[in-house]
Number of protein chains: 2
Amino acid sequence: MTRKRATKAVRLKDIAVKTGMSIATVCKILKGPPTSDLFAEGSVKRVKQMADRLGYRPNYHARSLQTGKSMTVGVAMAGSIESNIWFFGQMLGGIQNQARLLGHSLLLISPEKDRDSLATGLEYARCRQIDCLIVPHFAYSEESVRQMENVNLSVVLTTLYERKTSLPTVLMDPKPGIAQAVQHLADLGHRRLTWFGPVPGTDQILGDSREAVFSSAVKSLGLKGDSVYFSKLPAGAPDEVGEWVQGGREAMLKHLAGVPKDQAPTCLVCSDERHALGAYSAILECGLKIPGDVSVVGFDNIFAPVACPTMTVVSHMLPEIGRKAVEMAIAMADDPALVVKLRGHREYIPSQLIVSKSTVRPRA
Amino acid sequence: MTRKRATKAVRLKDIAVKTGMSIATVCKILKGPPTSDLFAEGSVKRVKQMADRLGYRPNYHARSLQTGKSMTVGVAMAGSIESNIWFFGQMLGGIQNQARLLGHSLLLISPEKDRDSLATGLEYARCRQIDCLIVPHFAYSEESVRQMENVNLSVVLTTLYERKTSLPTVLMDPKPGIAQAVQHLADLGHRRLTWFGPVPGTDQILGDSREAVFSSAVKSLGLKGDSVYFSKLPAGAPDEVGEWVQGGREAMLKHLAGVPKDQAPTCLVCSDERHALGAYSAILECGLKIPGDVSVVGFDNIFAPVACPTMTVVSHMLPEIGRKAVEMAIAMADDPALVVKLRGHREYIPSQLIVSKSTVRPRA
DNA sequence: TTGTACGCGTTATCAT
DNA sequence: ATGATAACGCGTACAA
């Protein structure tokens with residue numbers, strides 16, 4: 001009637017008894033081809049069928065206790081889930097999928113009162129035999145990450161830009177996506193492309209490096225490029241999404257107020273999706289339409305879907321970054337030699353243009 | 001030099017040897033007050049200090065193997081992380097925090113090719129001894145959830161509205177937040193409040209039930225209420241955030257086109273944040289300002305921070321829903337009697353108004 | 001106040 | 001081709 005009665009889990013022993021084989025034999029047979037080859041056809045079949053019939057599942061803890069591996073990958077988030085999930089979730093998706101694919105499960109680690117996630121990660125490595133740790137190197141200091149360089153654990157970093165560390169790192173390559181964006185706008189017929197990014201020299205990552213790629217792409221296609229800049233957020237400002245959006249809005253409002261309407265950009269390439277959202281607002285407020293009057297390309301692929309119209313973006317490919325990181329991390333855990341080989345390794349994930357509804361032909 | 005050499009983990013036995021006590025004694029002493037009371041002051045001190053000095057950490061798998069508990073709570077997501085994280089992340093934050101607080105860790109479960117998350121959850125219960133399962137009852141059919149009602153595992157559901165099941169459920173109560181929203185607008189001086197929701201009769205949850213609360217709150221304050229409706233999305237439409245936003249925009253555009261400008265709403269209470277974002281767009285396109293001309297209150301607290309200006313919302317309090325669910329689930333796992341007691345239980349989490357920048361006094 | 005001895009379910013080694 | 005047996009590290013009932 002009720003299934004609630006705690007039915008004891010079925011063990012190797014149960015199968016052994018029912019089939020008249022020994023525990024060891026059953027164990028080996030159920031491990032499959034490498035080890036099961038030495039046994040008689042009949043025995044293999046009998047054991048497997050019995051395991052099936054009884055619904056046998058190996059006990060995870062017993063196995064881990066014995067092997068010292070836990071088939072678990074840890075993910076050390078620098079901040080709380082709530083405040084980071086907006087961009088972190090995408091990467092987490094990739095991480096989870098790949099982990100599952102390789103038969104591993106995921107342990108989410110976030111900072112506690114007195115300890116950061118890296119410390120907790122190491123803790124877990126010791127008491128739970130976590131096999132490897134993925135560290136999204138966004139909000140960590142290089143200092144604190146450096147302490148992970150010599151621990152007895154497979155650590156792989158994920159970032160959006162180069163950071164100083166000998167740990168293997170998976171990071172985004174902004175070039176392909178930006179080049180595609182420029183090409184896309186050119187194909188649509190735009191002749192003057194406007195870069196919307198931080199004042200040069202104020203932000204190496206979001207600014208200078210990406211703008212350089214943009215400029216060279218524009219030049220190589222023989223197009224005109226110009227730029228609108230926003231000032232970096234005041235130092236120490238809370239890293240609130242809303243602040244970024246607001247910053248983008250103000251900069252764009254100011255720019256649009258300063259030029260005659262027929263001189264407004266026909267298309268924008270933004271260094272950051274959040275600023276792009278602010279620009280959306282500013283553009284509408286000035287009586288211009290998106291994409292009719294101004295086409296917009298953002299950078300990232302987080303909020304793009306809620307933009308109205310949904311935004312064409314250069315995607316960071318966060319899921320792919322996460323996926324690759326897990327692949328590397330597990331490989332390292334399985335093969336210690338790799339740990340040495342991958343020292344200082346950089347794995348670049350090409351960014352990619354995702355075309356949506358914010359980009360069209362310019363008005364004639 | 002290199003710390004890389006796999007230093008064998010320290011075990012109870014190591015402490016036992018170093019202190020000259022038996023393993024059992026060390027074990028009991030390290031468990032603390034309940035069991036350690038019977039031992040001599042001196043012994044306790046010696047053992048504890050030694051454990052400290054050697055950096056002892058109990059082996060998680062050995063412990064779980066012995067106790068049959070894994071100190072792990074599973075979370076069974078109905079869809080992929082990437083596609084759900086936008087609203088699910090908030091709840092996940094609450095889940096993680098509470099789990100950690102109670103010494104548990106989190107196992108994220110998402111659907112696989114041939115099995116949904118609930119099946120995988122049960123699988124984990126069997127082979128990994130996960131103690132309990134949190135099921136965000138959003139995209140699951142009542143059918144498939146019903147199959148969880150008689151399994152030997154602590155299951156707690158989380159939803160935003162009542163669903164038919166005997167499983168204990170944590171859900172949102174929309175009333176408090178909506179009442180606060182109405183009061184807030186009234187306090188600001190608004191006299192006519194406009195509801196922006198789905199056509200009556202087309203959506204029990206987002207529509208009728210919330211609108212009823214709104215209407216009664218408006219009436220009880222002696223204010224005027226009216227409404228603008230959007231049609232439900234066509235059945236089978238992809239549950240894309242962008243579609244919702246677009247739907248909101250079109251409905252609001254249509255409404256604004258149909259009324260003289262001085263009859264436009266001075267404030268909006270939206271049944272859904274995504275539609276509210278669409279309304280944002282429509283309002284700007286019509287040359288009106290937010291919040292100057294139109295104050296807007298959304299529902300949810302997911303995208304509100306990226307709205308420009310950031311949106312005042314009735315928050316679902318998703319982190320709190322997650323937190324409470326974990327609290328209940330772990331309690332049930334610890335005390336089987338609770339499983340019976342909480343049959344059919346409903347735990348309501350009051351929604352709450354979060355005031356931001358999209359609501360101000362109406363123009364004089 | 002402390003110790004002995006066994007069991008948890010699996011894997012690995014070494015026999016046969 | 002198969003089986004005994006000893007780990008893995010911890011918890012606990014029972015003895016001393």
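Bear in mind that the values here come from a model prediction, so they are computed numbers and not experimental data. All chains are named by letter (A, B, ...) in the order of the sequence lines, taking the proteins before the strands, and each is independently numbered beginning at 1.
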B:H61 vs A:H61 aromatic rings, parallel, tilted or perpendicular, using cut-offs 30° and 60°?
tilted

Taking only side-chain N and O atoms of A:T25, does any of them lie within less than 4.0 angstrom of OP1 or OP2 on D:dG3?
yes

Correct closest heavy-atom pair for B:I15 and B:V26 would be CG2-CG1, 3.8 Å

Closest heavy-atom pair and its distance - A:L30, A:A51:
CD2-CB, 3.9 Å

What does A:S43 touch in the nucleic acid at a heavy-atom separation under 4.0 angstrom: a base, only the sugar-phosphate, or nothing?
sugar-phosphate

Where is the tightest heavy-atom contact between B:I130 and B:G121, given as atom of each residue plus distance?
CD1-O, 3.7 Å

Atom CZ of A:R126 and atom P of D:dG9: how far apart are they, to the nearest Å?
14 Å

Ignoring the backbone of B:F39, work out which of C:dT2, C:dA5, C:dA12 is nearest its side chain.
C:dT2

Taking the side chain of B:C27 as its heavy atoms from C-beta onward, which of C:dG3, D:dT12, C:dT10 lies nearest to it?
D:dT12

Please determine, for the side chain of B:Q66, which listed nucleotide (D:dC8, D:dG9, D:dA1) has the closest atom?
D:dG9

Counting side-chain heavy atoms from CB outward, which of D:dC10, C:dT4, C:dT10 is closest to B:S22?
C:dT4

Specify the separation, in whole Å, of atom CG of A:N59 and atom P of D:dG9.
16 Å

Contacts of B:I29 and A:R11 projected onto DNA chain C by closest heavy atom; the upstream (5') one is B:I29

When we call it a touch if two heavy atoms are under 4.0 Å apart, what does B:K28 touch: a base, just sugar-phosphate, or nothing?
base

Looking at D:dG9, I'd like to know if its phosphate oxygens (OP1 or OP2) sit under 4.0 Å from a side-chain N or O belonging to B:R63.
no

Given C:dG3, D:dT12, D:dG3, which nucleotide is nearest the side-chain atoms of B:K31?
D:dT12

Assert: residue with more 5' nearest nucleotide on DNA chain C, out of A:I23 and B:G20, is B:G20

Hey, does the side chain of B:Y60 come within less than 4.0 Å of D:dG11's phosphate (OP1/OP2), counting only N and O?
no

In this structure, how many angstroms lie between the P atom of C:dT11 and the CD1 atom of A:I15, rounded?
11 Å

Can you see which heavy atom on B:C27 is nearest to which on B:L12, and at what distance?
CB-CD1, 3.7 Å

Of the nucleotides C:dT11, D:dG3, D:dG11, which one has an atom closest to the side chain of A:M21?
D:dG3

What's the CG-P distance between B:L38 and C:dT2, to the nearest Å?
10 Å

In this structure, how many angstroms lie between the P atom of C:dT11 and the NZ atom of A:K13, rounded?
16 Å

Quick one: label A:A40 by what it contacts on the DNA or RNA (base, sugar-phosphate, nothing), any heavy atom closer than 4.0 Å.
sugar-phosphate

From C-beta outward on B:L65, which listed nucleotide comes closest to its side chain: D:dA1, C:dT11, D:dG9?
D:dG9

